[in-house]
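First comes the structure, then the notes that go with it.
Values below: all heavy atoms of this structure, side chains included; hydrogens, waters and symmetry mates excluded. Proteins get letters first, then strands, A, B, ... in listed order; numbering begins at 1 in each.
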Amino acid sequence: MDENNKIKVTLPDGGVREYPAGIALMDIAKDISPRLAREALVAKVNGQLTDLARPLERDAAVAFLTFEDEEGKQVYRHSTAHVMAQACQKLFPGVKFAIGPAIADGFYYDFDTTEPFTTDDLGVIEKEMEAIIKADLPFERFEYTRPDALDLFGKAGQDYKVELIEDLPVDAPLSVYRQGDFTDLCMGPHVPSTGRLKSVKLLNVAGAYWRGSEKNKMLQRIYGTSFPKKSMLDEYLFRIEEAKRRDHRKLGAELELFSIQDEGPGFPFFHPKGMILRNELEKFWREEHAKRGYSEIRTPIILSRSLWERSGHWDHYRENMYFTKIDEGDYAVKPMNCPGGIIVYKSKLHSYRELPIRMAELGLVHRHELSGALHGMMRVRCFTQDDAHIYMLPSQVKDEIIGVINLDEDIYKVFGFPYHVELSTKPEKAMGSDEIWEMATNALRDALETRGIDYKVNEGDGAFYGPKIDFHLRDTLGRTWQCGTIQLDFVMPEIFDLNYVGEDGQKHRPVMIHRTIFGSLERFIGILTEHFAGAFPAWLAPVQARVIPITGRHAAYAQEVTDSLSGKGIRVEIDTRNEKINYKIREAQAQKIPYMLVVGDKEAENKTVAVRQRAKGDLGAMPLADFEAMLLEEISTKSY
RNA sequence: GCCGAUGUGGCUCAGGGGUAGAGCAGCGCACUCGUAAUGCGCAGGCCGGGGGUUCGAAUCCCCCCAUCGGCUCCA
């Protein structure tokens, strides 16, 4: 390239600048502004993330990314992961490196070590990282041929890197990054030098299987995060602490909603207040389903082994099931409701005129989840699915799927939380031919596209009998949990020889949908608790109002108010304890009761109540009847 | 199930080889009070369970169990 050649650089603001060909991106940043040079972490050249040290040879659109940009942030964290790996290389000679990506809010790196890391090691590693950062080592990029790279990492004993290279396409370009004495296979890009990294915090260690398969060796994963400013790190750590305060397990105990006890790991207890919440949800659910032409059934929890053999659960789901013996016979506790529901369908002959049949069941299922997987109400070993099975003509499939999607959206809307949708395809352990799976998967995809819903594909994650659309909700720490699901099934109707009588008087095979909206009452209540931080909307609140007499003198009027509210179907409590008003309010606030009704001399005299709303505070006095009307309206509209 | 951590009264936590402490909650008494903690007193724990070391174990060691954070799995 001729030194005298000029190239044109187009910046995001549309401005065009000329530079000599071969100029380093960093020098362009410096030319634009010293501040940009200081803050830029990486460049985007024609949409391609690129190290700042690399030269620019021809005309290009260039953008400089800082920590404020999502991609800049990822590069920052990824570079931090490399620094952590370098620290581990020094502290734990012989350690092997697997992968170390940036993730939401941080990064991790997986190591193969002779001794597992302990929490104490984190501090030591952090110290070493600080030294590396202080040394301000440049991140240098090198291109390698495949044989050279294999030789480099092979000689270094880096088996995982060798495996990674072997799995790359033969003609793929290989890049290697080096800072100081640490060399890693990496696509890059990276920040210019380790000195760019400021506030680093290693958060925890965890075992993680190589390539995510439990068949592989368990590696040691260290999670951490990093920020360009200490204050940002502190704020992040504070946010995590904040989030823990909304943890449904903590709130469940504090608000006396539910609990999990040592006597029943994974088997939740619903306490009186949690039952109110649950019953309200069920009531709402029944209303919405009745409106949409669903009937409701209930099937037994224990059914014979032969049924589970026929359904395929025996072959595909046995390790998750509980078994029992009755007299001489083998039985299983149901892990799913479908076989029971199918028996109901088969109990009589069906005409094509009846279809679609939408049969719902709040079914209690038991599944043996791995002990380490249990998580509050989010993952338990017995739970109530708000299940339904839809039996339909092949021609009705698309409309029925869309109908379920609409129901999902309508119901989630009432709670106002965000969700995302995934489409899961055929798993390894599956029943049914590829053609059937293909057809079913296309039907789901088609319905999603018709409704214009954004979704992500989750390969191999379908149920063993069919592909599915999943609705994922977010908990307070950002973890997502599958709740609603729509599973299209051509397999069960076949195995169970389901049929309906068609127009032609002949038997035909219906198609089935398995679906849930809440997913499970338990998980949904967990999500709901965290979403509202325990401050449930009035229609769900276990106690909707608490009457607080100022002194014992006002107990009679307080009782009158309580009786009146209670007579109108409002869930109300009275606090006649011999305590000061501040104390009683504090406690009612802590219980997140939507309304506190303070009554003293003035209120007793005027037949009013002094209303305090848990979020808005003191609303002043109003006639009791007005308050009742207001609250009843709030309840019936399910406002939040 | 796997890796790491944790387990002390209802809750939050201190103690760390010599036989258990605080605050809050609970109970009793006094105060009769106007929008987030009135004061005093009382009661409450075989320190997750089982083994071992020791004259002596909540404390040290081993094995379980449960929980927390991940991995895997899933509603």
Side-chain angles (χ1 to χ4, degrees), chain A residues 108 110 113 116-122 203-223 244 247 249-250 253-254 260-266 317 319-320 335-337 363 365 367-380 382-387 424 461 463 468 470-473 477 479 481-485 487 514-524 526-527 548-555 578-590 596-603 610-614 617-621:
Chain A
Y108 67 78
D110 285 345
T113 61
F117 293 126
T118 70
T119 321
D120 295 338
D121 293 329
L122 296 185
L203 298 167
N204 44 43
V205 288
Y209 300 105
W210 167 236
R211 299 201 147 170
S213 168
E214 59 185 330
K215 294 185 192 86
N216 293 335
K217 179 159 187 188
M218 179 164 273
L219 308 174
Q220 294 291 312
R221 174 173 300 177
I222 298 179
Y223 285 92
K244 283 182 188 158
D247 189 308
R249 293 165 294 195
K250 198 169 166 55
E254 284 171 7
I260 298 196
Q261 309 289 340
D262 282 4
E263 290 81 354
Y317 211 71
E319 61 277 23
N320 284 302
M336 295 188 194
N337 301 301
V365 298
R367 297 181 184 176
H368 179 76
E369 297 294 339
L370 294 178
S371 58
L374 301 179
H375 185 96
M377 300 289 270
M378 304 295 199
R379 187 174 290 105
V380 290
C382 80
F383 54 97
T384 304
Q385 288 185 305
D386 66 318
D387 217 339
S424 296
D461 220 27
K468 55 184 190 164
D470 294 325
F471 292 76
H472 292 253
L473 305 181
L477 281 173
R479 297 175 286 216
W481 301 90
Q482 183 191 317
C483 289
T485 182
Q487 310 177 346
H514 311 239
R515 47 109 285 184
T516 65
I517 308 291
F518 293 149
S520 83
L521 268 304
E522 289 74 7
R523 178 175 286 181
F524 196 78
I527 295 274
I548 302 178
I550 289 180
T551 73
R553 190 163 77 241
H554 311 112
N578 190 11
E579 291 292 351
K580 291 199 163 38
I581 183 83
N582 280 323
Y583 181 88
K584 294 187 192 178
I585 292 212
R586 181 185 156 82
E587 203 158 88
Q589 284 285 154
M596 285 148 270
L597 305 177
V598 176
V599 296
D601 290 333
K602 283 179 280 182
E603 289 75 20
V611 179
R612 180 189 168 98
Q613 206 275 342
R614 73 183 158 203
D618 193 352
L619 303 183

So, [X] versus [Y]: side-chain donor-acceptor pair below 3.5 Å or not?
| X | Y | value |
| --- | --- | --- |
| A/Arg211 | A/Tyr209 | no |
| A/Asp387 | A/Thr516 | no |
| A/Glu369 | A/Asn320 | no |

Using a heavy-atom cut-off of 4.0 Å across all strands, would you classify [X] as base, sugar-phosphate, or nothing?
| X | answer |
| --- | --- |
| A/Glu579 | base |
| A/Arg249 | sugar-phosphate |
| A/Gln589 | base |
| A/Leu370 | base |
| A/Met596 | nothing |
| A/Ala590 | nothing |
| A/Glu369 | base |
| A/Phe117 | sugar-phosphate |
| A/Lys602 | base |
| A/Gly617 | nothing |
| A/Lys468 | sugar-phosphate |
| A/Asp618 | base |
| A/Arg479 | sugar-phosphate |
| A/Val365 | nothing |

Does any N or O donor sit under 3.5 Å from an N or O acceptor when you compare the side chain of [X] with the base of [N]?
| X | N | answer |
| --- | --- | --- |
| A/Tyr209 | B/rG1 | yes |
| A/Arg515 | B/rA75 | no |
| A/Arg523 | B/rC74 | yes |
| A/Glu603 | B/rG34 | yes |
| A/Arg379 | B/rC73 | yes |

If we take the [atom1] atom in both [N] and [M], what is their distance in whole Å?
| N | M | atom1 | result |
| --- | --- | --- | --- |
| B/rU67 | B/rU8 | C1' | 15 Å |
| B/rC11 | B/rU54 | C1' | 35 Å |
| B/rC42 | B/rG9 | P | 22 Å |
| B/rA37 | B/rC24 | C1' | 10 Å |
| B/rG4 | B/rG45 | P | 36 Å |
| B/rU6 | B/rG10 | P | 23 Å |
| B/rU12 | B/rU19 | P | 28 Å |
| B/rC29 | B/rG51 | P | 45 Å |

Quick one: which of [options] gets closest to the side chain of [X]?
| X | options | value |
| --- | --- | --- |
| A/Pro265 | B/rC33, B/rG69, B/rU67 | B/rU67 |
| A/Ile585 | B/rG4, B/rA66, B/rA36 | B/rA36 |
| A/Arg553 | B/rU67, B/rU35, B/rC33 | B/rC33 |
| A/Ser371 | B/rC33, B/rG1, B/rU35 | B/rG1 |
| A/His375 | B/rG69, B/rC3, B/rC73 | B/rG69 |
| A/Thr551 | B/rA5, B/rG69, B/rU32 | B/rU32 |
| A/Asn582 | B/rA75, B/rU35, B/rU72 | B/rU35 |
| A/Arg221 | B/rG70, B/rG34, B/rA36 | B/rG70 |
| A/Asp247 | B/rG69, B/rC71, B/rA37 | B/rG69 |
| A/Leu374 | B/rU67, B/rG34, B/rG69 | B/rU67 |

Output for pair (A/Tyr108 OH, A/Ile222 CD1), nearest 0.5 Å, gives 13.0 Å
To the nearest 0.5 Å, what is the distance between CD1 on A/Ile581 and NZ on A/Lys584?
6.5 Å
What is the distance, to the nearest angstrom, from the [atom1] atom on [X] to the [atom2] atom on [N]?
| X | N | atom1 | atom2 | answer |
| --- | --- | --- | --- | --- |
| A/Glu319 | B/rC2 | CD | C1' | 17 Å |
| A/Asp121 | B/rC3 | CG | P | 16 Å |
| A/Arg367 | B/rA75 | CZ | C1' | 6 Å |
| A/Ile260 | B/rG7 | CD1 | C1' | 17 Å |

Quick check on B/rU35: is either OP1 or OP2 less than 4.0 Å from any side-chain nitrogen or oxygen of A/Tyr583?
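So the side-chain polar atoms of A/Tyr583 never come under 4.0 Å of the phosphate oxygens OP1 or OP2 of B/rU35.
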Kindly say if A/Arg612 contacts the phosphate of B/rA36, meaning a side-chain N or O under 4.0 Å from OP1 or OP2.
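For B/rA36, OP1 or OP2 has a side-chain N or O of A/Arg612 closer than 4.0 Å.
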Using both distances under 3.5 Å as the test, list the Watson-Crick or G-U wobble partner of [N], or none.
| N | answer |
| --- | --- |
| B/rG18 | B/rC55 |
| B/rG23 | B/rC11 |
| B/rG39 | B/rC29 |
| B/rG69 | B/rC3 |

Side-chain contact, heavy-atom cut-off 4.5 Å: A/Met336 with A/Arg367?
yes
Report the residue (A/Asn204 or A/Gln487) whose heavy-atom-nearest nucleotide on RNA chain B is the more 5′ of the two.
A/Asn204
First encountered from the 5' end of RNA chain B, between A/Cys483 and A/Gln261
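Upstream on the strand: A/Gln261.
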Verdict with reasoning, A/Asp618 to A/Arg612, per salt bridge (charged side-chain N to carboxylate O under 4.0 Å, His left out):
CA-CA 4 Å; A/Asp618 193 352; A/Arg612 180 189 168 98; over 6 Å; no
Verify side-chain contact (heavy atoms from CB on, under 4.5 Å) between A/Met596 and A/Gln589, making sure each step is shown before the conclusion.
CA-CA 8 Å; A/Met596 285 148 270; A/Gln589 284 285 154; 3.0 Å; yes
Under a 4.0 Å N-O cut-off, is there an ion pair linking A/Lys468 with A/Asp461?
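Here A/Lys468 does not pair with A/Asp461 in a salt bridge, since their nearest N and O are not under 4.0 Å apart.
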Please name the residue in the list A/Trp481, A/Phe383, A/Phe518, A/Phe471 that meets the ring pair (Phe, Tyr, Trp, His ring centres under 6.0 Å) test with A/Phe524.
A/Phe518
Check the geometry between A/Phe383 and B/rA75 and answer yes if their rings are stacked (centres below 5.5 Å, planes below 30°), otherwise no.
yes
